[in-house]
Amino acid sequence: MVWDLNYRKSIISEYGRLKENFVSCAEMKAFLNIHPEVTKAVQTGMPIVALESTIIAHGMPYPENLETAKKLESIIRAEGAIPATIAVLHGKICVGLGQQELELLATQSDMPKASRRDLPLLLAQKQHGATTVAATMIGASLAGIHIFATGGVGGVHRGASQTMDISADLQELAQTPVAVVSAGVKSILDIPLTLEYLETHGVPVICYQTDEFPAFYTRKSGSKSPSRLDSPQEIAAVIQAQRQLGYPGGMLIANPIPASYSMNKEQISLIIDQAIEEADRLQIHGKELTPFLLNKIKLLTEGDSLFSNIQLVYNNARLAAQIASAM
Ligand code: PSU
Ligand code: MN
């Protein structure tokens with residue numbers, strides 16, 4: 001009898017949940033444009049890897065950005081997974097882009113940067129936007145994709161105890177169920193504080209085949225790995241365990257740049273310090289700060305950093321596809 005009552009209660013609440021989902025799906029569809037290949041891959045349970053578009057529009061110059069975007073997709077395909085580059089186009093979150101759409105992102109000079117808070121505005125105004133890690137996670141999650149490869153994620157900026165500049169990417173990792181493969185974070189950020197923030201918000205941080213958290217251009221940051229795993233299968237099992245617990249959040253998988261492409265630590269530190277000093281002097285802040293610093297580093301390293309950047313993203317796409325396949 002008791003069982004019967006509980007059973008009926010659970011049926012009723014499940015029905016309520018389904019009804020809610022149905023309404024939100026219908027409303028959401030108006031703003032979501034999923035490529036048929038991605039829809040099919042989700043339905044048939046194929047491995048899929050999401051990719052962001054800020055890296056195309058703001059992270060690299062033309063034509064390297066377009067070449068990299070295409071090569072990333074082919075690396076993911078070569079590993080047996082389906083790529084889904086995400087961007088906002090004509091007021092829709094597009095998951096899976098065609099050739100022309102990639103070209104538009106690579107060439108339009110005033111493409112808005114779209115993070116979580118920018119999405120409602122861009123959608124309502126039917127604009128374009130290059131999605132950051134946070135916004136790409138949102139698009140991936142809406143489409144049913146659980147793995148996403150990028151270069152570096154945003155984090156706690158140096159001096160954040162005064163400026164409170166903490167990237168929305170970190171909150172997204174705490175609330176959206178997508179695992180992000182990055183090469184750690186750049187030392188434009190305060191790496192120890194970024195790791196503290198992720199710990200506070202319950203975000204698992206897994207370093208791949210290393211005991212030290214990587215710093216994007218270099219394999220080492222001086223911060224210890226919160227946890228280390230050595231195979232895509234083990235990482236896939238952690239993602240599955242997180243899903244089964246019903247946690248709302250995602251996780252950060254830090255994959256160090258291959259040794260042959262890593263940069264000289266002292267040289268890149270000096271350049272990053274110089275870029276930060278200039279940003280302070282010019283009082284750059286808000287959403288402009290990260291693109292300003294990235295661009296400054298690019299100019300000051302005369303393209304060396306661009307080459308390393310491209311290689312580490314390829315490396316991340318490969319690992320992400322292997323994890324997606326292992327799931
Ligand atoms: N850090 C990098 N490379 C990047 C970015 C950050 O090393 O390309 C981009 C990513 O799209 C990231 C965004 O999501 O900048 C973070 O911006 P903000 O710090 O304004 O949240
Ligand atoms: Mn910021």
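What you see is a predicted model, and the numbers here were worked out from it, not measured in a lab. Counting starts at 1 for both ligands and their atoms, in listed order.
Given atom 9 (C) of ligand 1, the protein heavy atom at minimum distance is Thr54 CG2, 4.0 Å. For atom 12 (C) of ligand 1, the nearest non-hydrogen atom of the protein is Asp169 OD2, 3.3 Å. Looking at atom 2 (C) of ligand 1, its nearest protein heavy atom turns out to be Lys186 NZ, 3.2 Å. Distance from atom 15 (O) of ligand 1 to its nearest protein heavy atom, with residue and atom name: Thr290 CG2, 3.6 Å. With respect to atom 1 (N) of ligand 1, the closest heavy atom belonging to the protein is Gly152 O, 3.7 Å.
Checking side-chain atoms of Ser325 against main-chain N and O of Pro47 turns up no donor-acceptor pair under 3.5 Å.
Inter-residue side-chain proximity for Thr68 and Tyr314 is flagged as met; some heavy-atom pair is nearer than 4.5 Å. Taking 4.5 Å as the limit, some side-chain heavy atom of Leu282 sits within range of a side-chain heavy atom of Phe292. Taking 4.5 Å as the limit, some side-chain heavy atom of Ile56 sits within range of a side-chain heavy atom of Thr85. Counting heavy atoms from C-beta outward, Val133 and Glu172 have side chains that stay 4.5 Å or more apart. In this structure, Phe213 and Val205 have side chains that are in contact, with non-hydrogen atoms separated by less than 4.5 Å. Leu252 is listed as a side-chain neighbour of Leu198, based on a closest heavy-atom distance under 4.5 Å.
Here Arg228 pairs with Asp230 in a salt bridge; the nearest charged N to carboxylate O distance falls below 4.0 Å.
Against a heavy-atom cut-off of under 4.0 Å, Glu52 is close to the following atoms of ligand 1: 10 (C), 11 (O). Per-residue contacts place Thr132 under 4.0 angstrom from the following atoms of ligand 1 (heavy atoms of the residue considered): 11 (O), 14 (O). Of all atoms in ligand 1, numbered sequentially from 1 with element shown, those under 4.0 Å from a heavy atom of Lys113 are 17 (O), 18 (P), 20 (O).
Under 4.0 Å from ligand 1, the heavy atoms of Leu294 that appear belong solely to its side chain.
Distances between N or O atoms of Thr131 and those of ligand 1 include no value under 3.5 Å. Residue Ser167 has at least one N or O atom closer than 3.5 Å to an N or O atom of ligand 1. The distance criterion of under 3.5 Å between nitrogen or oxygen atoms is not met by Lys287 with respect to ligand 1. Looking at ligand 1, you'll find an N or O of Val133 within less than 3.5 Å of one of its N or O atoms.
Using modelled atom types, one finds no donor on one side chain facing an acceptor on the other under 3.5 Å when comparing Thr131 with Glu52.
Distances from the Mn ion (ligand 2) to the N/O/S atoms of Asp165 are shortest for OD1.
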